[in-house]
Colleague: 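Here it is, the structure, as structure tokens.
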Number of protein chains: 2
Amino acid sequence: MPRMKAAASPQDGVQSVILAIKLLEAVASSETPKRITDLANQLGTTKARVFRHLRTLAQSGYIVQDPETERYYSGPQLVLLGQRIVENLSLVNEARSEMVKLCAELGHSVGLSQMVGERLYTVDVARGSTPFSITTLRGTEQIFHATALGKVALAFGPDSLAAKILAGPLQALTSETVTDPQKLRREIFQIAERGWAQSPNQLNPGINALAAPIFDARGRFAGAIAILDTLHLLSEKPTQGQIEATCRAAREISRRLGYTASHRPLPKRTAKRP
Amino acid sequence: MPRMKAAASPQDGVQSVILAIKLLEAVASSETPKRITDLANQLGTTKARVFRHLRTLAQSGYIVQDPETERYYSGPQLVLLGQRIVENLSLVNEARSEMVKLCAELGHSVGLSQMVGERLYTVDVARGSTPFSITTLRGTEQIFHATALGKVALAFGPDSLAAKILAGPLQALTSETVTDPQKLRREIFQIAERGWAQSPNQLNPGINALAAPIFDARGRFAGAIAILDTLHLLSEKPTQGQIEATCRAAREISRRLGYTASHRPLPKRTAKRP
DNA sequence: CATTTTGGTTTCGATCAACGAAACAGATGA
DNA sequence: TCATCTGTTTCGTTGATCGAAACCAAAATG
């Protein structure tokens, strides 16, 4: 099948669809219902066009118009669609019970990430038992060099990924984010050997995470699971219990995905140093 | 502002957007990545059209193409969008901590529903501690006459809603679903008085739910919270503890939404009997 | 009470974005 | 090797989509 890359496509994208997506995003991101006129201004188009599109979206249940105020807000259809996608991810389904177990065992919030192409996304979360539990939103992208989940991906994912990240600039998100490629490379090495990663203060000050890798039936890196809490409850020197519980959960999920130890005899180290 | 109803619109809906939505739904509902040819057949259109649309959706991150197999699957963007909507619902935010607390206290799964127009939707869930916990998916619609959440809505929501449901046919989902309007009306009466509803065996055999109403700052019915479990753990005669915990959670959420008892001096009963 | 403003909705003719058909390209397999 | 898949691109045509302006009802204003 074709290998050609899309090249500078003539006029890229179906315009109507692009507007519809922008509308959905604008309406979904707003806390309060939106008015047609404002949406038209915001997106730089005409009222009539916005109206026609909103009506279309409303017919499918993705947008709802408040009959009183005549304003438009997000319908439930979109939420349902998002949920359906998550439900169809096998990683989520296989991981769910282990996440709940891990969450109950340690009391921390638990996050699950999955590789999608060259990116790593949060696909499921379990809330910790603390009153104001800290979790990321489903669907958010993980920053490779500043999160425990991301660094696990660098250590166990394809070499090309690590190479790319180490080459590019490493943005500092806090004062403790690792921004030196050399230092990050050494850390990735260490993570690959011991089997887990952490990221104290590196994404949010005062917060730490501890992540372990998950592999699929073909022995490829599929994603990672992590516990997440304040440094007070998950210190820079995690307890043996925290490390073991997280790694055990990751191993169990890998097993359910069909992974057997034989697939990955040793942490693959091909040519990561220059 | 205009009161006219849309009337039989000339040619309704922006065609491109309709196709895009159908594509998103088709791809999201499939467990396995889809191929262009199949999608084209399934939706009864041409390959070229599907291709153009998929590319557009891919550019926005809503669809991803696997570079190996060339098949298309759902991107994470849609999940994120759905989550953002949920995050913007104030009911969800105010209710979250109470849901976690209720879930931890009783061990049952907890569901939260919100009125959207004339419909009732599940907007948040908390998983119970049982290994295979039973919950509905976020975004699913509640059937008014067969669920505890729905019957609470009939008892405390607008009279017009109850009138409409009582008038229409009541579909039996199990052998124990209430299908007699008279009987349902009496039950609604009872629910309005005692302040909670249940639905043993009425939606799924062997499952029961116990729901209580939530009111907003203007004293209007905003939604409902429910605990959900097998009849074994949540029997037809719920324990006093189960009833009180659920009602207390509902009251606390109402209070956070700005509701004070003065708003709703007595269960409104206008003209529910013929 | 009359008038203006505001904002959603509809109409309508022009146009160009989106379309279908067919060609193309790379892979598969017989 | 040839036949046959499937995803992608090209291209000329056309009707769906668009903007502008009219329209309508309600709210604000004088």
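Quick note on labels: first sequence line is chain A, next is B, and so on, each numbered from 1.
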Colleague: Check this one for me: any side-chain N or O of Gln65(A) less than 4.0 Å away from OP1 or OP2 of dT9(C)?
Modeller: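 Result: yes.
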Colleague: Atom CG in Leu24(A), atom CD1 in Ile21(B): separation rounded to 0.5 Å?
Modeller: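 Going from CG on Leu24(A) over to CD1 on Ile21(B), the span is 7.0 Å.
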Colleague: Would you say Tyr72(B) reaches dT8(D)'s phosphate, i.e. side-chain N/O to OP1/OP2 under 4.0 Å?
Modeller: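 For dT8(D), OP1 or OP2 has a side-chain N or O of Tyr72(B) closer than 4.0 Å.
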Colleague: Nearest whole Å is fine: how far is dA18(C) P from His53(B) NE2?
Modeller: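 After rounding, the reported distance stands at 8 Å.
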Colleague: Provide, to the nearest angstrom, the distance between the CD1 atom belonging to Ile36(A) and the C1' atom belonging to dT9(C).
Modeller: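 Atom CD1 in Ile36(A) sits about 8 Å away from atom C1' in dT9(C).
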Colleague: To the nearest Å, how far apart are Lys47(B) NZ and dT6(D) C1'?
Modeller: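 Lys47(B) atom NZ is separated from dT6(D) atom C1' by 6 Å.
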Colleague: Taking the minimum atom-to-atom distance to the side chain of Ser16(A), which one of dC18(D), dG7(D), dG19(D) wins?
Modeller: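 That would be dC18(D).
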Colleague: Kindly give the heavy-atom pair with the smallest separation between Gln42(B) and Ala26(B), and that separation in Å.
Modeller: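 The pair with the smallest heavy-atom distance is NE2-CB, 3.8 Å.
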Colleague: What is the distance, to the nearest angstrom, from the CG atom on Leu19(B) to the P atom on dA17(C)?
Modeller: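 To the nearest whole Å, that distance equals 19 Å.
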Colleague: Indicate whether OP1 or OP2 belonging to dT9(C) is found under 4.0 Å from a side-chain N or O atom of Arg55(A).
Modeller: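 For dT9(C), OP1/OP2 do not have a side-chain N/O of Arg55(A) under 4.0 Å.
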Colleague: Just compare dC19(C), dG7(D), dA16(D) and give me whichever is closest to any side-chain atom of Gln15(B).
Modeller: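 So the side chain of Gln15(B) is nearest to dA16(D).
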Colleague: For DNA chain C, whose closest nucleotide is more 5', that of Ala48(B) or that of Phe51(A)?
Modeller: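 Here Phe51(A) is the residue nearer the 5' end.
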Colleague: Is any side-chain N or O of Thr37(B) closer than 4.0 Å to OP1 or OP2 of dC5(D)?
Modeller: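 Thr37(B) to dC5(D) OP1/OP2: no side-chain N or O under 4.0 Å.
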Colleague: Can you measure Arg49(B) atom CZ to dA18(C) atom P for me and round it to whole angstrom units?
Modeller: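 The distance from CZ of Arg49(B) to P of dA18(C) comes to 11 Å, rounded to the nearest Å.
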Colleague: Identify whether the distance between the nearest side-chain nitrogen and carboxylate oxygen of Arg96(A) and Glu87(A) falls below 4.0 Å.
Modeller: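 Between Glu87(A) and Arg96(A) there is a salt bridge, with a charged N closer than 4.0 Å to a carboxylate O.
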Colleague: In whole angstrom, what separates Leu54(B)'s CG from dA18(C)'s C1'?
Modeller: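 Atom-to-atom, Leu54(B) to dA18(C), this comes out as 15 Å.
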Colleague: Within the 4.0 Å heavy-atom criterion, would you say Arg35(B) contacts the bases, only the backbone, or no part of the nucleic acid?
Modeller: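 Since only primed, P, OP1 and OP2 atoms lie under 4.0 Å of Arg35(B), the category is sugar-phosphate.
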Colleague: Quick one: Leu39(B) CG to dT8(D) P, roughly how many Å, whole number?
Modeller: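 Between P of dT8(D) and CG of Leu39(B): 12 Å.
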Colleague: Can you figure out which of dG7(D), dG20(C), dT9(C) approaches the side chain of Glu70(B) most closely?
Modeller: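 Among dG7(D), dG20(C), dT9(C), the one nearest the side chain of Glu70(B) is dG7(D).
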Colleague: What's the CD1-C1' distance between Ile18(B) and dC19(C), to the nearest Å?
Modeller: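 Roughly 16 Å, once rounded to whole Å.
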Colleague: Counting only side-chain heavy atoms from C-beta out, which of dA20(D), dG20(C), dT17(D) sits nearest to Val14(B)?
Modeller: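 Within the option list, the nearest is dT17(D).
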Colleague: Quick one: do Arg255(B) and Glu252(B) make a salt bridge, cutoff under 4.0 Å?
Modeller: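 Looking at Arg255(B) and Glu252(B), the cut-off is met.
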Colleague: On DNA chain D, nearest-nucleotide positions of Lys34(B) versus Arg52(B): which is more 5'?
Modeller: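 Its nearest nucleotide lies further toward 5', so the answer is Lys34(B).
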Colleague: Under the criterion side chain to side chain contact (heavy atoms under 4.5 Å, CB included), which of Arg55(A), Gln59(A), His53(A) is the partner of Val17(B)?
Modeller: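 Checked Arg55(A), Gln59(A), His53(A) against Val17(B); only one passes side chain to side chain contact (heavy atoms under 4.5 Å, CB included): His53(A).
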